[in-house]
Amino acid sequence: GAADIRKILSFDDPPGQLVVEAGVTARLVQFINDSKTQPELQQEALWCLGNMLAWGTPEAVTHVLEQNPVLGIENLIKGQSEGPTTELAMWVLGNIAGSSTLGRDLLLKPEIFSLIK
C-alpha cells in the first residue's frame with residue numbers, strides 16, 4: 001500500500017523512478033483527489049508524492065506533475081482545518097514549486113496563492 005511506498009521512498013537515495021515504473025503514481029494522486037479517502041491514506045500519498053518531487057529524477061518529477069496533483073491538493077487544503085494533512089499538502093505544493101519550471105507554472109494561479117495564509 002501507500003505506507004509501503006513511503007517506506008521505500010524513505011531510503012537515502014529514494015528509488016522514485018521505480019515507483020513511477022511500477023505505475024502507482026496515478027493511484028497516489030487518486031487518493032488525494034478522492035474526498036472519501038481516509039485522511040491517513042491521503043497523508044501517506046502526499047508524503048510519497050512530496051518525496052518523489054523533492055528527490056526524484058527529472059523524469060519522475062515530470063511524471064508526477066503530469067498526473068495533476070495540484071487540484072486535489074488545493075481541494076484538500078480548502079476542505080481541512082489546520083492539521084497534518086494540510087501541512088503535508090502545503091509541503092507538497094512547495095516541492096511542486098521548486099521541482100521545475102513546469103511545477104512553478106502549475107502553481108502560478110490566484111486560487112493557489114489564496115491558500116497561502
Side-chain angles (χ1 to χ4, degrees):
D4 294 323
I5 296 167
R6 178 185 49 78
K7 290 174 186 173
I8 290 169
L9 292 170
S10 295
F11 295 131
D12 285 337
D13 187 16
Q17 190 61 37
L18 290 176
V19 173
V20 168
E21 291 169 6
V24 298
T25 312
R27 186 76 170 131
L28 293 170
V29 172
Q30 184 180 11
F31 291 148
I32 294 168
N33 289 337
D34 185 357
S35 63
K36 296 176 183 150
T37 301
Q38 293 293 320
E40 295 80 14
L41 184 53
Q42 289 178 325
Q43 291 169 21
E44 294 285 357
L46 285 164
W47 196 98
C48 291
L49 294 172
N51 208 39
M52 289 174 70
L53 290 162
W55 302 108
T57 63
E59 294 81 16
V61 167
T62 299
H63 178 75
V64 170
L65 296 175
E66 288 173 346
Q67 303 306 307
N68 194 24
V70 175
L71 180 61
I73 293 169
E74 179 183 346
N75 289 333
L76 267 179
I77 294 169
K78 285 180 181 176
Q80 302 264 334
S81 59
E82 291 184 27
T85 304
T86 302
E87 289 175 21
L88 280 168
M90 293 299 284
W91 172 67
V92 175
L93 286 180
N95 286 0
I96 289 171
S99 67
S100 64
T101 54
L102 173 61
R104 179 204 63 208
D105 292 349
L106 287 172
L107 299 181
L108 290 177
K109 56 183 189 175
E111 300 84 31
I112 298 299
F113 286 115
S114 70
L115 298 175
I116 303 168
K117 302 174 187 173

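Quantities reported herein were computed from a predicted structural model and do not represent experimental measurements.
- The structure places CD1 of Ile96 at 4.0 Å from CD1 of Ile73, a figure rounded to the nearest 0.5 Å.
- A donor-acceptor distance shorter than 3.5 angstrom exists from the side chain of Asp4 to the backbone of Gly1, with no hydrogens or angles considered.
- With values rounded to the nearest 0.5 angstrom, Asp34 atom CG is found 10.0 Å from Leu76 atom CG.
- To the nearest 0.5 Å, atoms CD1 (Ile77) and CD1 (Ile112) are separated by 7.0 Å.
- From Met90, atom CE reaches atom CG of Leu46 across 12.0 Å, with rounding to the nearest 0.5 Å.
- A side-chain contact (heavy atoms from CB on, under 4.5 Å) with Asn95 is found for one member of Val64, Val61, Leu53 and no other, namely Leu53.
- Environment of CH2 in Trp91: crowded, with over 12 heavy atoms of neighbouring residues, nucleotides or ligands closer than 6.0 Å.
- Expressed to the nearest 0.5 Å, how far CE of Met52 lies from CG of Leu18 amounts to 10.0 Å.
- Minimum heavy-atom separation, Ala2 to Leu41: CB-CD1, 3.6 Å.
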- Apply the test side-chain contact (heavy atoms from CB on, under 4.5 Å) to residues Thr25 and Leu49: give CA-CA distance (whole Å), side-chain angles for both, the deciding distance (0.1 Å), then the verdict. CA-CA 8 Å; Thr25 312; Leu49 294 172; 4.0 Å; yes
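- When atom types are taken as modelled, the side chain of Gln67 and the backbone of Gln30 share no donor-acceptor pair closer than 3.5 angstrom.
- Under the 4.5 Å side-chain heavy-atom criterion for grouping Ile, Leu, Val, Met, Phe, Trp and Tyr, Leu107 is connected to Leu102 within one hydrophobic cluster.
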- I would like to know whether Val19 and Cys48 meet side-chain contact (heavy atoms from CB on, under 4.5 Å); could you show each step before the answer? CA-CA 10 Å; Val19 173; Cys48 291; over 6 Å; no
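- Separation of atoms CG (Asn51) and CD1 (Ile5) is listed at 12.0 Å; rounding is to 0.5 Å.
- Of all heavy-atom pairs between Leu88 and Trp47, the closest is CD2-CD1, 4.1 Å.
- Residues Ile8 and Trp55 are members of separate hydrophobic clusters, defined by side-chain heavy-atom contacts under 4.5 angstrom among Ile, Leu, Val, Met, Phe, Trp and Tyr.
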- Task: Give the C-alpha distance, both sets of side-chain angles, the deciding distance and a yes or no for side-chain contact (heavy atoms from CB on, under 4.5 Å) between Val92 and Ile32.
- Result: CA-CA 11 Å; Val92 175; Ile32 294 168; over 6 Å; no
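- Residue Leu65 comes nearest to Ser99 through the heavy atom pair CD1-OG, 3.7 Å, listed as atom of the first residue, atom of the second, then distance.
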- Query: Hey, mind stepping through Val20 and Thr57 against side-chain contact (heavy atoms from CB on, under 4.5 Å) and telling me if it holds?
  - Reply: CA-CA 10 Å; Val20 168; Thr57 63; over 6 Å; no
